[in-house]
Every structure is written in structure tokens, then in C-alpha cells.
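No experiment lies behind these values; they were computed from the predicted model shown.
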Amino acid sequence: MTKPSKSTRQRSAADVLASRLDKRTARLGVIGLGYVGLPLAVELAQAGFEVFGVDIDEHRVRQLNQGKSYIQDVPTADVKKLVREGRLHASTDFSSLRKCDTVNICVPTPLSKQRDPDVSFIVAAAEQVQKHLHKGMLIILESTTYPGTTDELLLPMFTKDGYEVGKDFFLAFSPERVDPGNPQFQTRNIPKVVGGVTPACTRVAVKLYEQRLDKVIPVTSTQVAEMVKLLENTFRSVNIGLVNELALMCARMKIDVWEVIGAAATKPFGFMPFYPGPGLGGHCIPIDPFYLSWKARASGFEARFIELAGHVNGHMPEHVIELVGEALNLRSKAIRGSRVLVLGVAYKADIDDVRESPSLDIMEKLRERGAKIEYCDPHVASIKFAGGVMKSVPFTAASLKRFDCVVVATAHKAFHFPSVLRWSKTIVDTRNAIKGRHANKVVKL
Ligand SMILES: NC(=O)c1ccc[n+]([C@@H]2O[C@H](COP(=O)([O-])OP(=O)(O)OC[C@H]3O[C@@H](n4cnc5c(N)ncnc54)[C@H](O)[C@@H]3O)[C@@H](O)[C@H]2O)c1
């Protein structure tokens, strides 16, 4: 750390850091430059700071240093400008953290094979911070995780050498709420919740975010901040589970669930529409609630809503297979030997992310039943599938006409659904993308 001048010697480390943040002389570090870390690094650099990004992925680091963005929501022009101006640096070498006043950790938090939290990426990143920890440093964990991670797991790693939290260094948790592909809400205008280990930790963490983000909401502890994120994602998972169950129920009763939800959504208060679908996808909703239920279990509490929603949502890909069987029946065909095209492998519309995508599960299940599977996704040129690499087929009349059944799994804007209806022999529509009733051709979720 730079030696304090005579005038700053009497001031607390928190005051010194706050002043460096105000003056834009602080150097900022971001560990993990993915969907969360890269937009954050770019925002902070655009606020006028020199930002040092560290990632273990050499390819990503190389691309950034060449001024290229690999995240859809981050324009390459922004990255290029910041790199050229020397405000954004990327490296696989963690020693750049030594010169950083703040470090945001934005690494993955997946589930293990046993579906328990896998915090190994957080620990690996924190070990690197520990090596380069110095007085006055602020560390903020942004990865989604179970309540207690910051205080129970990270804090002891940083206090080992006799450093006192809130005095010698600062530690906080701030959940990331980014919604990839959302044109209205991005890192800058999504309110940021922050909870520090001590009030001084919260104060400097708030100070950092206030330099660029529109709204910062301090809370009283790291555990509250951790729980906020899990509540938000559990809320979605449980409500999606509810409408998925309603969809299965409506199918039995021959009621159009989409019409029901559309009409219910006209209520101006007390109702928020959620929609059924082929299953949960992405890095957050299918995973995060299990971080919470794991921690609840460790405290002797059974999180029944989470488990039930997981059960209902987890069954949806299997239900889609049944619908494919129904659609093929319309043409007296079996799944085995039929050609099936999955439209959309990204887990939601208009993005290129296939992590945990239910489309992959559906494709695998259809393949196991003997279908000849291909996919079409203008956002995803190729995927790993069945031990090899599969390329997207083009969205044309000729290619769709080759298939016995087309499964609408993701309603990308790039798909023109009246054409899908015209070009396809049979359709399974899991997104209510095909308008009108076409009982001889379309089977709806
Ligand atoms: N993607 C989202 O929409 C989203 C939204 C909110 C919260 N989150 C949470 O944010 C966290 C990060 O998610 P993401 O989507 O940005 O993941 P990501 O996979 O897009 O990016 C993570 C990056 O971290 C790097 N990395 C892994 N281990 C590292 C290490 N030890 N040191 C340095 N870099 C390392 C990876 O190479 C990768 O580039 C997760 O906890 C996730 O749950 C994600």
C-alpha cells in the first residue's frame, strides 16, 4: 500500500479509503470476469477508476486485453476504449491485487454432484486475496452463497495475521442481481444491497458502489445481504413451481393455463404473473435455493417450499417429452426414429447462455428414447452434446420442414413464430409462442 502522507496519518483507514474513492485515486480489483464481474469492472472503469480484473481463464483475459467483450450485455466498443485508455487491465496473475484498494469477488458458486454448495471457487479466490491482503483493503464478495459464508468462511481467512476487521481491512457481502439480456435493468441501475461485517465495512463498501451505481441499500449484516439474494431467487423458483403445477393441473382439466394467467394478471394489485415452462435454467434459479436449503438443514430446519418447487420444476423436462409423444401421435409416429428439432437452447429468450438449460436435458432425454435430435438457436452456434459438438441448424423453411416435430423451448425474438407454424409438421410449444388454436398440429404446455 502507498505510504500515508503526514496529513492522512491520523485518519482511520476507512476515511483514507473513502477519500481515495471520492478522488478516484483508489485502484480497484475484480476477481472473476464473467456475466457478473465484467459488467462491474467496466462500470467502475467508466466511473474513472483504474480497474484490475483477474480471471483464471486465459482465453477471456486475452480477449479483454485485445479490447474484445465476450459478454452480450457489455459492448466491445466500451471494453476497447477502456483498455486503450489504460483504465481496464485483465490478467491471470493475482499479484495485481497487491496494488488494489478494493477487491470484488465474482466467481461461480455451483452445486456439487451431491447438490450441496460448492464454495471451492470462493475459497480459491479468497486465498489469493489473502496472499495480497494489505492494510486498508476492502474485500466484497458478490457470488451468490449461503448466509454465513462471509463471516464464517472468509473472515477467519483474513484475520489470521492479526488484522482487525473494520479497522485494518474491510469485508462485506453484496449480492449481484444482474439479469443478462435485460435491456432496461443493468449493473448501473439495479439497486445494490450491501452488508458489511462492521459498520465501517458497510460504510466503505457503500462508498465504493456509490461512485457509479444509481442506488445503494445498506443492510445491517453480511448475513442479511446474503439472505436477500436467496429470498429473491427462491421467490422466483417457488412461484414458477406453482405455475408449473397449475399447468399440469390445467392440462388434466382441459383448461388453457396461459389464458388463465393472462386474465389473472389483469388484477391491479396482489398478483404477479409467473409463467410455466420446460424447466429452470441458468446459473441462479435452479441452484441458489439449494444453497439456502442446505444451510437451513445444517441448522436443523427443513425448507419444504424449496424442495417441493425443485421437485415440480425438475419434472418439467420429462413432461415436455410426454408432450412430444402426444404431438408425434397426431401424425401416428413414435418418438423412436422421429426427427425432432429443439428451437432455442439458451435458458431464456435473447441470450446466449446455455448453463443448466432445460433444452439440453430435453434433447438428452429424447436422444435416449431414440429420437434423432438437432437444435436451432441463432444465439448459440454450437453446443457440446452426446460426447461431440453439435452445430445449430439455420432458421429456414427448408431446415424446419425436415423435422417431424419442433419443440419451442426458448422464445427468442429472432424466431418468427407464424413461420414456425407454417413450416413445421407438428409443434410442442412450451412458451405460448404460437398464437391461436391449432389442435391438429400444436401441443401446448
Ligand atoms: N449470471 C447471472 O445472471 C448472475 C446473476 C446474479 C448473480 N450471479 C452469481 O454471480 C456469481 C458469478 O456468476 P457469473 O454468471 O458471473 O459466472 P461466470 O461463469 O460467467 O464467471 C465467473 C468467472 O470467474 C472465473 N473464475 C473461476 N474461478 C476463479 C478463480 N479462482 N479466480 C479467478 N477467476 C475465477 C471464471 O473463469 C469465469 O470467467 C455466481 O455466484 C452467480 O450465482 C450470477
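- Arg367 and Glu364 are joined by a salt bridge, as a carboxylate oxygen and a charged side-chain nitrogen come within less than 4.0 angstrom of each other.
- For the ring pair (Phe, Tyr, Trp, His ring centres under 6.0 Å) test, residues two or more places apart in sequence or in another chain that qualify with Tyr146 are Trp294.
- Judged by distance alone, with hydrogens and angles left aside, the side-chain atoms of Trp258 form a donor-acceptor pair with the main-chain N or O of Leu445 at under 3.5 Å.
- The closest side-chain donor-acceptor pair between Thr144 and Glu176, if any, does not fall under 3.5 angstrom.
- In this structure, the side chain of Ser357 engages the main chain of Val345 through a donor-acceptor pair within 3.5 Å.
- A donor and an acceptor atom, one from each side chain of Ser19 and Asp22, are nowhere located under 3.5 Å apart.
- Checked by atom type, the side-chain pair Asn233/Tyr291 shows no donor-acceptor distance below 3.5 Å.
- Residues Lys81 and Glu85 are paired through a salt bridge, judged by an N-O separation under 4.0 Å between the basic side chain and the carboxylate.
- Salt-bridge formation is detected for the pair Asp101/Arg20: a Lys NZ or Arg NE/NH1/NH2 atom is positioned less than 4.0 Å from an Asp or Glu carboxylate oxygen.
- Residues Pro286 and Leu111 come closest through the heavy atom pair O-CD1, 4.5 Å.
- Across all their heavy atoms, Glu142 and Cys106 have their closest contact at CB-SG, 4.1 Å.
- Using cut-offs of 30° and 60° for the angle between ring planes, the Phe417 and Phe415 rings count as perpendicular.
- Between the side chain of Ser392 and the backbone N or O of Asp377, at least one donor-acceptor pair lies under 3.5 Å.
- Checking Thr396 against Ser399 by side-chain atom types alone, a donor-acceptor pair falls below 3.5 Å.
- Of all non-hydrogen atoms in Pro218 and Val206, the two that sit nearest each other are CB-CG2, 4.0 Å.
- A donor-acceptor pair is defined here as one N or O able to donate and one able to accept, closer than 3.5 Å; no such pair exists between the side chain of Asp179 and the backbone of Asn182.
- Residues that satisfy the ring pair (Phe, Tyr, Trp, His ring centres under 6.0 Å) test with His283, not counting sequence neighbours, are absent from this structure.
- Not one N or O on the side chain of Arg27 forms a donor-acceptor pair closer than 3.5 Å with the backbone of Val51.
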Stepwise side-chain hydrogen bond (donor to acceptor under 3.5 Å, both in side chains) test for Ser91 and Asp93: CA-CA 5 Å; Ser91 176; Asp93 181 359; 5.0 Å; no

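- Residues forming a salt bridge (charged side-chain N to carboxylate O under 4.0 Å, His left out) with Glu245 (at least two apart in sequence, or on another chain): none.
- Side-chain atoms of Asp214 and Asn189 form no donor-acceptor pair, as typed in the model, at a separation below 3.5 Å.
- Ion pairing of Glu50 with Arg24 is absent here, as no side-chain N (NZ or NE/NH1/NH2) approaches a carboxylate O to less than 4.0 Å.
- In this structure, Cys100 and Leu28 have side chains that are not in contact, with every pair of non-hydrogen atoms separated by 4.5 Å or more.
- Listed for the Thr410 side chain is a donor-acceptor partner under 3.5 Å among the backbone atoms of Ala346.
- For the salt bridge (charged side-chain N to carboxylate O under 4.0 Å, His left out) test, residues two or more places apart in sequence or in another chain that qualify with Lys413 are Asp350.
- Around atom NZ of Lys167, no more than 12 heavy atoms belonging to other residues, nucleotides or ligands sit under 6.0 Å away.
- Using cut-offs of 30° and 60° on the angle between ring planes, the pair Trp423 and Phe395 is tilted.
- Geometrically, Lys131 does not engage Phe94 in a cation-pi contact, judged by NZ or CZ lying under 6.0 Å from the ring centre and within 45° of the ring axis.
- In this structure, Asn313 CG and Arg236 CZ are separated by 11.0 Å, a value rounded to the nearest 0.5 Å.
- Formation of a donor-acceptor pair under 3.5 Å by the Thr149 side chain with backbone atoms of Thr145 is not found in this model.
- Using a 4.0 Å cut-off between charged side-chain N and carboxylate O, Glu210 and Arg203 make no salt bridge.
- Between Phe235 and Phe274, the distance from one ring center to the other falls under 6.0 angstrom.
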Worked verdict on Thr159 versus Glu164 for side-chain hydrogen bond (donor to acceptor under 3.5 Å, both in side chains): CA-CA 6 Å; Thr159 45; Glu164 196 181 321; over 6 Å; no

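- Heavy-atom contacts from other residues, nucleotides or ligands closer than 6.0 Å to CZ of Phe271 number more than 12.
- Residues passing the salt bridge (charged side-chain N to carboxylate O under 4.0 Å, His left out) test with Lys229: none are found, sequence neighbours excluded.
- Glu232 is not listed as a side-chain neighbour of Asp288, based on a closest heavy-atom distance of 4.5 Å or more.
- In this model, a donor atom of one side chain and an acceptor atom of the other lie less than 3.5 Å apart for Ser120 and Asp118.
- Taking both residues in full, the closest heavy atoms of Ile373 and Met390 are given as O-CE, 3.3 Å, listed atom of the first, atom of the second, then distance.
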CA sep, side-chain torsions, deciding dist, call: Ser174, Lys192, side-chain hydrogen bond (donor to acceptor under 3.5 Å, both in side chains): CA-CA 7 Å; Ser174 177; Lys192 197 89 173 98; 2.9 Å; yes

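- Residues that satisfy the salt bridge (charged side-chain N to carboxylate O under 4.0 Å, His left out) test with Arg297, not counting sequence neighbours, are Asp116, Glu307.
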Step-by-step side-chain contact (heavy atoms from CB on, under 4.5 Å) determination, Val54 to Leu97: CA-CA 8 Å; Val54 190; Leu97 298 180; 4.0 Å; yes

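- Here the CG atom belonging to Leu171 is positioned 6.0 Å from the SG atom belonging to Cys201, to the nearest 0.5 angstrom.
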